[in-house]
**Student:** 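Before I ask anything, here is the structure I am working with.
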Amino acid sequence: MKTHKVFLTRKIPQSAIDYLKKHNIDLELNEEDRVLTKDEILRGVKGKDGLICLLTDTIDAEIMEAAGDSLKIIATYAVGYNNIDVVAATKRKLPVTNTPGVLTDTTADLAFALLMSISRKIVESDKFTRAGEFKGWGPLLQLGNDIYQKTIGIVGCGRIGSAVAERAAKGFQMKVLYSDTRRHEELEKKLNMEYCSLEKLLKESDYISIHVPLTDKTKHLIGEKELLMMKPSTYLINTSRGAVIDEQALVRVLKDKHIAGAALDVYEHEPALAPGLAELDNIIITAHIGSATIETRTKMGMIAVENLLAGLAGKVPPNCVNPEIYE
Ligand code: GLV
Ligand code: GLV
């Protein structure tokens with residue numbers, strides 16, 4: 001059996017690395033727990049047959065060029081793949097794969113955790129109690145807002161958006177509005193959810209959760225105009241990609257208390273935060289941990305490896321995002 005040369009840009013769960021090593025792979029792995037520089041990736045991919053990358057690596061045409069003709073597959077360890085120039089890969093007939101499915105519920109759980117935490121002031125209350133400021137139960141102490149039976153707006157009702165809608169409708173008897181490029185009639189019936197325009201969703205929802213992928217069309221989908229359509233009592237949650245929201249506009253809108261609050265797991269210029277964001281008290285900011293559970297990250301690793309192995313063997317990988325290359 002031919003040995004394939006593979007470059008892995010950062011450590012992923014060991015079980016996935018072990019699985020990879022069982023397959024006659026000559027693995028070059030970044031042993032340091034940090035994002036590689038572009039130069040390091042350019043050097044790393046040279047002459048490799050396969051690349052496993054992360055959402056923090058920008059994989060552009062230059063990197064594909066540097067890898068050369070030996071490169072047979074780019075397997076990213078994420079569901080989102082806006083960091084990869086898929087058009088350039090498609091031109092080179094190079095399959096790009098992601099890890100959908102296994103992180104759906106895990107990410108939906110985080111979206112809900114953020115929704116509940118911002119609405120019920122969990123982080124604020126924890127800080128307050130730790131700081132020794134809790135002097136006893138108070139009739140007006142840290143009053144949040146109800147969640148059950150309120151209206152949630154799901155922007156982008158794909159796998160993750162649907163899983164959030166299901167939690168909202170079934171677990172919390174919420175009214176669910178959704179906007180999307182297409183209708184999901186089965187799910188509408190199952191969850192009694194309503195398809196509507198983004199404008200209606202923004203105007204009527206008590207909670208808005210973003211679940212669209214980042215593309216040219218969804219960049220700044222939620223800008224100042226859209227933020228100002230929301231009610232002063234609305235909470236915005238984002239677990240998708242930061243740049244879907246105009247983060248600077250969000251800072252202004254939150255500062256002026258035009259909306260009640262925001263809970264964000266992703267940022268426009270990650271890991272940098274928009275100036276002023278971290279100083280606001282009506283937000284919760286987490287560190288892009290949507291899929292960060294031991295179980296899910298392990299599954300994502302196994303799927304990334306399966307995609308890679310299929311690509312190396314010249315087979316159509318299970319999660320190819322540009323299947324048109326095989327037509
Ligand atoms: C995480 O953000 C992912 O796209 O997997
Ligand atoms: C991604 O997994 C999505 O479809 O929401």
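As the structure lists them, so they are numbered: ligands from 1, and atoms in each ligand from 1.
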**Student:** Without swapping roles, check the side chain of D180 against the backbone of G156 for a donor-acceptor pair under 3.5 Å.
**Tutor:** no
**Student:** Indicate yes or no: does K72 engage D49 in a salt bridge with an N to O separation below 4.0 Å.
**Tutor:**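 Yes, this pair counts.
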**Student:** With hydrogens left out, which residues have an atom under 4.0 Å from ligand 1, given that only heavy atoms count?
**Tutor:**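 Near ligand 1, by chain and number: L55, A78, V79, G80, L103, R241, H288.
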**Student:** List, by chain and number, the other hydrophobic cluster members for F7, where Ile, Leu, Val, Met, Phe, Trp and Tyr join if side-chain heavy atoms come within less than 4.5 Å, directly or indirectly.
**Tutor:**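 Joined to F7, directly or through intermediates: L36, I41, L42, V45, L51, I59, I63, M64, L71, I74, Y81, I84, V86, L94, V96, V321.
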**Student:** Please tabulate, for the side chains in residues 13-21, all donor-acceptor contacts under 3.5 angstrom to protein atoms that are two or more places apart in sequence or on a different chain.
**Tutor:**
residue, atom, partner, partner atom, Å
Q14, NE2, D18, OD1, 2.8

**Student:** Can you tell whether the side chains of E32 and R10 come within less than 4.0 Å, N to carboxylate O?
**Tutor:** no
**Student:** Got a list of side-chain donor-acceptor pairs under 3.5 Å for residues 249-262, not counting sequence neighbours?
**Tutor:**
residue, atom, partner, partner atom, Å
R252, NE, E224, OE1, 3.0
R252, NH2, E224, OE1, 2.9

